[in-house]
**Q** 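One structure follows; several queries about it will come next.
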Protein chains: 2
Amino acid sequence: MFSIGELSRRTGVKVPTIRYYEQSGLMEQPERSAGNQRRYSVAALERLSFIRHARALGLSIDDIGELVELAADPERPCGEAHAIASAHLSAVRARIAKLRKLERELKRIVGLSDAGCLGECSVIHSLADHRYCASEH
Amino acid sequence: MFSIGELSRRTGVKVPTIRYYEQSGLMEQPERSAGNQRRYSVAALERLSFIRHARALGLSIDDIGELVELAADPERPCGEAHAIASAHLSAVRARIAKLRKLERELKRIVGLSDAGCLGECSVIHSLADHRYCASEH
DNA sequence: TCTTGAACCTCTAGCCGCTAGAGGTTGTAG
DNA sequence: CTACAACCTCTAGCGGCTAGAGGTTCAAGA
Ligand SMILES: [Zn+2]
Ligand SMILES: [Zn+2]
Ligand SMILES: [Zn+2]
Ligand SMILES: [Zn+2]
């Protein structure tokens, strides 16, 4: 049995974050000491490690909640888990694509200023007007 | 003079968002009609267009506030504006790099399941444990 | 001129995923 | 037995909006 501080140390998840996960239903309500302090089992430690890693991979709290449920029920086919993961992969790819467009435009805008600005600032000028952009964003 | 709805139509920024920008100091307080409704000038229209485009490029409200001030003061050298833009470019690049790492891991994890899972789901298994990951994230 | 009704007003609360702080209680080591 | 770190709950804040309640104003048509 671990205190919340010990669980925090072992998983690298901050104490208030653990309480937040409990409050949002992602972590189960743990047992309590006589004085009402949380006491965690090894199972809770594993669950929190799963959550931490899934969060690090960018999955949402809701998705992780689904995955935790799916993991707990070995009878269910794992197609849903696969779907969540590949939907997330697609979302990540979409975000990358968007950011790359931004990167290209920003590179152009920042590059303009390397020549130095005479009079009006070319950075501010380019930021002001989308017509100078090469793509939508 | 435009009403807030007209300004919204002309810039593509939603009405509550315009009010939010005003409240956060990004848009100046406009004149008001006799009945207390907002009335915008062409200058306000241009300012909001600038804000919209800078937001579309991912700049924060705070950064845009700085840029708007810099733009309004043609005496100031534009080094600060360049600095904001290139710092933002760096931030975008950092985010891309992070997302690409995620993408690689997720691709691996999703790919595992293509073979089909016998017994334990390989997606859930991989999500649970960082040791199978090829990089930090 | 009067009447609709769309558009406007302010204010509050919610979204996500935490994080910070106040003010009080418990656990543990010396 | 005392001291103090660690715990407890509760509330509020971050960014960048978005939604809704409940009330007022504007402009077009009769
Ligand atoms: Zn410049
Ligand atoms: Zn553009
Ligand atoms: Zn599977
Ligand atoms: Zn990993």
Side-chain angles (χ1 to χ4, degrees), chain A residues 1-27 29-40 44 48 50-68 84 87-88 91-92 95 98-99 102 137, chain B residues 1-27 29-40 44 48 50-68 84 87-88 91-92 95 98-99 102 137:
Chain A
M1 287 293 172
F2 316 116
S3 68
I4 197 168
E6 185 132 359
L7 192 67
S8 170
R9 247 166 280 126
R10 286 178 190 241
T11 57
V13 179
K14 286 180 192 160
V15 167
T17 306
I18 298 171
R19 287 197 275 250
Y20 168 73
Y21 287 161
E22 178 183 331
Q23 202 240 33
S24 60
L26 201 46
M27 286 292 285
Q29 303 235 10
E31 291 178 41
R32 298 282 182 143
S33 72
N36 199 37
Q37 299 194 358
R38 289 170 179 81
R39 290 296 175 261
Y40 291 95
L48 186 55
F50 178 90
I51 293 167
R52 172 170 144 81
H53 192 231
R55 280 295 302 138
L57 286 165
L59 285 144
S60 71
I61 299 275
D62 278 0
D63 281 350
I64 296 171
E66 286 259 17
L67 288 168
V68 166
I84 290 171
H88 181 56
V92 166
R95 284 170 60 198
K98 217 171 217 173
L99 284 171
L102 293 195
H137 45 100
Chain B
M1 287 293 174
F2 316 116
S3 69
I4 197 168
E6 185 135 357
L7 192 67
S8 170
R9 245 167 283 126
R10 286 179 191 239
T11 57
V13 178
K14 287 181 191 157
V15 168
T17 305
I18 297 172
R19 286 197 276 247
Y20 168 73
Y21 288 161
E22 179 183 329
Q23 202 241 44
S24 59
L26 201 46
M27 286 292 286
Q29 305 235 10
E31 289 178 43
R32 299 283 183 143
S33 72
N36 199 36
Q37 300 195 354
R38 290 169 178 81
R39 290 296 175 259
Y40 291 95
L48 185 56
F50 178 90
I51 294 168
R52 172 170 143 81
H53 192 231
R55 283 293 304 137
L57 286 165
L59 286 144
S60 70
I61 299 276
D62 277 1
D63 281 350
I64 296 171
E66 285 259 15
L67 288 167
V68 166
I84 290 171
H88 182 56
V92 167
R95 284 171 59 196
K98 216 170 215 173
L99 284 170
L102 293 195
H137 47 102

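Naming: A, B, ... by sequence-line order, numbering from 1 per chain.
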**Q** Between Leu26(B) (CG) and dG15(D) (P), how many Å, whole number?
**A**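 From Leu26(B) CG to dG15(D) P: 13 Å.
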**Q** Does Tyr21(A) place a side-chain N or O at less than 4.0 Å from the phosphate oxygens OP1/OP2 of dC18(C)?
**A**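 Yes, Tyr21(A) has a side-chain N/O under 4.0 Å of OP1/OP2 on dC18(C).
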**Q** To the nearest Å, give me how far apart CZ (Arg95(A)) and C1' (dC16(C)) are.
**A**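 Interatomic distance, CZ of Arg95(A) to C1' of dC16(C): 13 Å.
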**Q** Begin from the C-alpha positions of Glu6(A) and Met1(A) and carry the test side-chain contact (heavy atoms from CB on, under 4.5 Å) through to its verdict.
**A** CA-CA 9 Å; Glu6(A) 185 132 359; Met1(A) 287 293 172; over 6 Å; no
**Q** Heavy atoms, side chains only, cut-off 4.5 Å: are Tyr20(B) and Leu26(B) in contact?
**A**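 No - every pair of side-chain heavy atoms lies 4.5 Å or more apart.
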**Q** Salt bridge (charged side-chain N to carboxylate O under 4.0 Å, His left out): which pairs involve residues 50-65 of chain B, sequence neighbours left out?
**A**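 Matches after skipping sequence neighbours: none remain.
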**Q** Taking the side chain as every heavy atom from C-beta outward, state whether Leu48(B) and Tyr40(B) have any pair of such atoms under 4.5 Å apart.
**A**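 No, their side chains stay 4.5 Å or more apart.
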**Q** Determine the contact category for Ser24(B): base if any of its heavy atoms lies under 4.0 Å from a base atom, sugar-phosphate if only primed atoms, P, OP1 or OP2 are that close, otherwise nothing.
**A**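 Nothing: the residue Ser24(B), judged by heavy atoms under 4.0 Å, touches no strand.
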**Q** Hey, could you give me the CG/CD distance between Leu59(A) and Glu66(A), rounded to the nearest 0.5 Å?
**A**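 Interatomic distance, Leu59(A) CG to Glu66(A) CD, rounded to 0.5 Å: 11.5 Å.
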**Q** Would you kindly give the CG-to-C1' distance between Leu7(A) and dC7(D), to the nearest whole Å?
**A**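 Value for this atom pair: 14 Å.
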**Q** Rounded to the nearest 0.5 Å, how far apart are CD of Gln29(A) and CZ of Arg38(A)?
**A**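 CZ of Arg38(A) is found 8.0 Å from CD of Gln29(A).
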**Q** Using atom CD1 of Ile51(B) as one end and atom P of dC17(D) as the other, report the distance to the nearest whole Å.
**A**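 It is 10 Å, rounded to the nearest whole Å.
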**Q** Could you check how far CG of Leu59(B) sits from C1' of dG16(D), rounded to whole Å?
**A**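 Rounded to the whole Å, the gap is 14 Å.
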**Q** Over how many whole Å does the gap from Glu22(A) atom CD to dC18(C) atom C1' extend?
**A**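 Going from Glu22(A) (CD) to dC18(C) (C1'), I get 15 Å.
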**Q** Please report the distance, rounded to the nearest Å, between CD1 in Ile64(A) and C1' in dC16(C).
**A**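 Spelled out: CD1 on Ile64(A) to C1' on dC16(C) is 13 Å.
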**Q** Are His137(B) and Leu57(A) close enough, and set up right, to give a side-chain contact (heavy atoms from CB on, under 4.5 Å), and what steps lead you there?
**A** CA-CA 7 Å; His137(B) 47 102; Leu57(A) 286 165; 3.5 Å; yes
**Q** Using a 4.0 Å heavy-atom cut-off to protein, can you give one letter per nucleotide of nucleotides 2-12 of chain C, 5' to 3': B if the base is in contact, S if only the sugar-phosphate is, - if neither?
**A** ------SSB--
**Q** Examine dG15(D): is either OP1 or OP2 under 4.0 Å from a nitrogen or oxygen in the side chain of Ser60(B)? Give yes or no.
**A**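 No, outside the criterion.
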**Q** What's the CZ-C1' distance between Arg55(B) and dT18(D), to the nearest Å?
**A**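 Computing the Arg55(B):CZ to dT18(D):C1' distance gives 14 Å.
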**Q** Would you say Lys14(B) reaches dC17(D)'s phosphate, i.e. side-chain N/O to OP1/OP2 under 4.0 Å?
**A**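 So the side chain of Lys14(B) is outside the cut-off, no N or O lying under 4.0 Å from OP1 or OP2 of dC17(D).
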